[in-house]
Amino acid sequence: GAPADSPLFLCNMRERAIQRRERTVSRKGRPLSLVQVNIGSRSGPNHDAALNRAWSIQADIVMIQEPWTALIDGKRKTKTHPRYDTFCPVEDWSEARPRVITYIRKHPALEAQQLRPYSSPDICWVMVNGITTCNVYRDARGDDHVLSYLENWEPRGRTVIGGDFNAVNWMWQPEHRPHNGPGSRIADWVLKHELQILNSGAPTHKRGNTIDLTITSIPGAEAWVDQSLYVGSDHFTIRAMLPAGSPLALPKARLRVPLDKIWTFAQVVKRHAPPTENELETADQIETATNKLIKVLDLALKSTGRPAHN
């Protein structure tokens, strides 16, 4: 190595100190950015576009569903990017190639570790800076083993689940009428673990349905469809921001609306909600409207809710 008093040695020491400082600051206070998309029909060009679009905004976590993959002469092939580490859910592709791949940005402030609570080509778990990420693809024509794995998995701590669920439910697509199906199982699972769906209401597919979801336990997280990151797929790209820091301690609920009563809850709110034709221009108007809305929500909760068992 270089002598301790040489310019090269001092330069290397300075660079390491900067990296340590960046790593410490980032882990404690820097939000993580996430991009997720089904690239459509395992398209190679769309896969490349997704990685390049993600890097253009320096996304930290990239979740790809239905990626381009190949097994040639026993060698596994997929798309990579020089700025990202690649995480596949399974090592053996001889029986089934992965239908999800997660990419984590190469950066001194990011530490990633692969988790495998279950072995499936359709679910990829990676822990990034203490956040458990779960990348999911549910085949609409499959046996729903993916939902069974999720139902048997216990999300703990800071968790984000993203993927193509190929299922609709009025919980995230409000105009959809209630009915039993895979969407109901997903909704039950979300309610059971007190998770939140971040991208409710916005279509994620060209046919107008919301079938790609971002689900999390992290307070303050946000997700939205970002048309600027479109990759040529029949699915739209979802972008999310995950705040840093420990999760907030939320107050325990006294009442909880059962799944079979949420439709009734919505109807009560719709029937009693104050009109919104007039714009709210002053602080007093905003406060008055807010108080009326709180009373309506309280009425709906009391009329349809059941005691919560915390």
Side-chain angles (χ1 to χ4, degrees), residues 23 26-36 59-63 65 85 87-90 98 100-105 109-138 144-165 167 169 171-172 182-200 212-223 238 240-254 256-259 308-310:
R23 189 181 303 120
S26 186
R27 286 180 191 154
K28 290 183 177 180
R30 175 179 170 276
L32 297 182
S33 59
L34 180 149
V35 166
Q36 69 175 72
D60 299 305
I61 304 164
V62 185
M63 294 180 174
Q65 295 90 47
D85 289 318
F87 293 86
C88 295
V90 290
V100 292
I101 295 180
T102 298
Y103 298 84
I104 306 300
R105 184 159 74 104
L110 297 177
E111 284 190 351
Q113 176 185 359
Q114 180 122 30
L115 306 174
R116 286 196 174 103
Y118 299 99
S119 179
S120 168
D122 300 329
I123 312 180
C124 184
W125 284 273
V126 181
M127 179 171 284
V128 186
N129 287 13
I131 296 177
T132 301
T133 69
C134 179
N135 185 1
V136 175
Y137 175 77
R138 175 188 167 271
D144 269 348
H145 68 280
V146 167
L147 296 188
S148 297
Y149 283 142
L150 288 179
E151 288 166 340
N152 291 319
W153 173 55
E154 189 79 19
R156 298 183 183 277
R158 293 162 59 77
T159 303
V160 60
I161 304 102
D164 177 5
F165 286 85
N169 184 275
M171 177 183 282
W172 56 85
S184 297
R185 290 178 64 182
I186 297 166
D188 285 343
W189 181 73
V190 167
L191 290 173
K192 175 184 177 181
H193 295 288
E194 299 183 348
L195 304 172
Q196 56 178 324
I197 297 174
L198 298 179
N199 61 306
S200 298
D212 306 271
L213 302 175
T214 308
I215 306 169
T216 190
S217 65
I218 304 174
E222 298 179 275
I238 297 175
M241 294 299 294
L242 311 175
S246 302
L248 300 176
L250 300 178
K252 293 185 177 180
R254 291 176 297 171
R256 182 171 291 117
V257 181
L259 188 61
H309 301 288
N310 295 295

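Predicted, not measured: the structure shown is a model, and the values here were computed from it. Counting from 1, the numbers follow the sequence of the chain as shown.
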Given side chains that start at C-beta, do those of [X] and [Y] come closer than 4.5 Å, heavy atoms only?
X	Y	result
Asn135	Gln65	yes
Arg185	Ser148	yes
Arg156	Thr132	no
Cys134	Leu150	yes

List in chain and number order the residues that pass side chain to side chain donor-acceptor pair (under 3.5 Å) with [X], two or more places apart in sequence or in another chain; answer none if no residue qualifies.
X	value
Trp153	none
Tyr103	His47
Ser33	Asp60
Asn199	none

Once rounded to the nearest 0.5 Å, what's the spacing between atom [atom1] of [X] and atom [atom2] of [Y]?
X	Y	atom1	atom2	result
Thr216	Ile161	OG1	CD1	6.5 Å
Thr159	Leu242	OG1	CG	11.0 Å
Met171	Ile197	CE	CD1	5.5 Å
Met241	Leu32	CE	CG	8.0 Å

Looking at residues at least two apart in the chain, or sitting in another chain, which of them share a side chain to side chain contact (heavy atoms under 4.5 Å, CB included) with [X]?
X	value
Glu222	Trp224
Val126	Phe87, Thr102, Ile104, Ala112, Cys124, Val128, Thr133
Ser119	Val90
Ala167	Arg138, Pro182, Ile186

**Request:** Might you work through the side-chain contact (heavy atoms from CB on, under 4.5 Å) test for Leu110 and Arg30, ending with a clear yes or no?
**Result:** CA-CA 10 Å; Leu110 297 177; Arg30 175 179 170 276; 4.1 Å; yes
**Message:** Assess the residue pair Leu213 and Val190 against the criterion (side-chain contact (heavy atoms from CB on, under 4.5 Å)); give the C-alpha distance rounded to whole Å, side-chain angles, the decisive distance to 0.1 Å, and a yes or no.
**Reply:** CA-CA 11 Å; Leu213 302 175; Val190 167; over 6 Å; no
**Request:** For residues 116-129, pull every pair meeting salt bridge (charged side-chain N to carboxylate O under 4.0 Å, His left out), keeping only residues two or more places apart or in separate chains.
**Result:** Glu91-Arg116, Arg99-Asp122
Do you know the tightest heavy-atom contact between [X] and [Y]?
X	Y	answer
Ser120	His145	OG-NE2, 3.6 Å
Pro243	Pro219	CG-O, 3.6 Å
Ala223	Ile238	CB-CG2, 4.1 Å

**Flag, side chain of Gln196 to backbone of Ile218, donor-acceptor distance under 3.5 Å** = yes
**Request:** Using the side-chain contact (heavy atoms from CB on, under 4.5 Å) rule, take Val136 and Phe165 through it: C-alpha gap first, then chi angles, then the decisive distance, then the call.
**Result:** CA-CA 7 Å; Val136 175; Phe165 286 85; 4.0 Å; yes
